[in-house]
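Everything on this sheet refers to the single structure shown next.
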Amino acid sequence: MPELPEVETIARNLRRGTNSAPSLIGQTIQKARLLWSRTLAEPDADTFQGLLPGQKVVEIGRRAKFLTITLSESILVFHLRMSGDLRVEPSESPLAKHDRMALDFQSGWRLGFNDTRKFGRVWLLNDTNSLFAALGLEPDDPELTPKRFHEILQQRKRAIKPLLLDQHFIAGLGNIYTDEALFSAGIHPLRSSETLDQEDAAKLLEAIRSTLARGIEANGASIDWVYRGGSFQNNFQVYQQTGNPCPRCGQPINKTTVGQRGTHFCPNCQPLTGE
DNA sequence: ACGAGCGCCTGTCGGC
DNA sequence: TGCCGACAGGCGCTCG
């Protein structure tokens, strides 16, 4: 499910609290329960469950699509992959159907990692250096200037959509926001990266940033049973709009496959050739 | 370096 | 109604 805006929204809710649950900051873990063993990437289950009790939540953050919970002595990292979610509920309420891990706090609240498809992963680490070492820059990193973006696009010779999805190139984009940003910039998903000139690169970087910002403002996107609370799905221009009129030119939106991912675009506003 | 194919999982939807 | 394949917001791996 979640891409950068959804993970960011979840991190903010855990940090600030919501109408229905308090902030986790400052709370002390009483007990950790691993409910599906493969969900835990590192360390082993006994170590994990042994190390967590007594640790206090210091800080909650995000890097790419990873959500980080800094504890007094370790750092807990989540990747939600396709169907993961983090929920704060009263400890006495029953576990939800697809809960894979649960942290009970002394306060009587519980953090549940719910993940229908079991692709999500959890790490308990001393630091995130090696886990995050190969990640690309955050889209909003000031070091990522239009000039720098153009340069790294020139260094590659790869279809732009799979390149944007590559977390080593730039971190945080997924299938929805990539399709939306490419539409916003008027760039065909199969366009080869090195063919983008400075103007194209600047336009694309701006499109990525504004699309992600609008996603965050909408608290992310909610689709089907996966992830609740966001409304960005009401603002999709091309994603899941196959056959609908393009909001810019009225031609029907196309769907194809690029890099084995469903890909939505306007063939008129995002021409492959002619430039 | 790049892209295709596949595995990992459960659930939903459309077609027959 | 039931079955069956396609598909789903991710990513790591192998292979050519």
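Just so we're on the same page: letters track the sequence lines, and every chain starts at 1. Every value quoted in this text rests on a predicted model; they were computed, and no experiment measured them.
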Could you check if a side-chain atom of N126(A) sits within less than 4.5 angstrom of a side-chain atom of I75(A), using non-hydrogen atoms only?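 Side-chain contact under 4.5 Å: no.
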
Please produce a list of atom pairs where a protein N or O lies less than 3.5 Å from an N or O of nucleotides 9-11 of chain B.
from: dC9(B); atom 1: OP1; to: R38(A); atom 2: NE; distance (Å): 3.4
from: dC9(B); atom 1: OP1; to: R38(A); atom 2: NH1; distance (Å): 2.9
from: dC9(B); atom 1: O4'; to: R117(A); atom 2: O; distance (Å): 3.4
from: dC9(B); atom 1: O2; to: R117(A); atom 2: NE; distance (Å): 2.7
from: dC9(B); atom 1: N3; to: R117(A); atom 2: NH2; distance (Å): 3.2
from: dT10(B); atom 1: OP1; to: K118(A); atom 2: NZ; distance (Å): 2.7
from: dG11(B); atom 1: OP1; to: K97(A); atom 2: NZ; distance (Å): 3.2
from: dG11(B); atom 1: OP1; to: H98(A); atom 2: NE2; distance (Å): 2.9

When you measure from the side-chain N and O atoms of [X] to the phosphate of [N], is any distance below 4.0 Å, counting only OP1 and OP2?
X	N	value
K65(A)	dC11(C)	yes
Q260(A)	dG3(B)	no
R261(A)	dG9(C)	yes
K255(A)	dA8(C)	yes
H79(A)	dG10(C)	no
Y177(A)	dG9(C)	no

How close or far is atom [atom2] of [N] from atom [atom1] of [X], stated in whole angstroms?
X	N	atom1	atom2	answer
Q155(A)	dA1(B)	CD	P	11 Å
R81(A)	dG9(C)	CZ	C1'	13 Å
D179(A)	dA8(C)	CG	C1'	13 Å
Q167(A)	dG12(C)	CD	C1'	13 Å
H168(A)	dG10(C)	NE2	P	14 Å
K161(A)	dA4(B)	NZ	C1'	16 Å
M82(A)	dT12(B)	CE	P	15 Å
Q240(A)	dT12(B)	CD	C1'	12 Å

Do the charged groups of [X] and [Y] touch, with an N to O distance under 4.0 Å?
X	Y	answer
R261(A)	D179(A)	no
R209(A)	D140(A)	no
D115(A)	R117(A)	no
R63(A)	E138(A)	yes

Below 6.0 angstrom between ring centroids: does that apply to W123(A) and F78(A)?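 No, they do not, as the ring centres are separated by 6.0 Å or more.
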
Dot-bracket for DNA chain B, 5' to 3', with Watson-Crick and G-U pairs under 3.5 Å, [ ] for crossing pairs and | for other-strand pairs: what is it? .|||||||.|||||||

Separation between [atom1] of [X] and [atom2] of [Y], rounded to the nearest 0.5 Å:
X	Y	atom1	atom2	result
E143(A)	R148(A)	CD	CZ	6.0 Å
K147(A)	Q198(A)	NZ	CD	8.0 Å
N114(A)	L35(A)	CG	CG	10.0 Å

Rounding to the closest angstrom, what is the interatomic distance between dA4(B) and dC7(C) at atom P?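 Rounded to whole Å, the distance is 16 Å.
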
Sugar-phosphate, base or nothing in reach of S222(A), heavy atoms under 4.0 Å: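 The answer is base, as S222(A) lies within the cut-off (heavy atoms under 4.0 Å) of a base atom.
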
Please check if I60(A) and L71(A) belong to a single hydrophobic cluster, counting links between Ile, Leu, Val, Met, Phe, Trp and Tyr side chain heavy atoms closer than 4.5 Å.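 Yes.
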
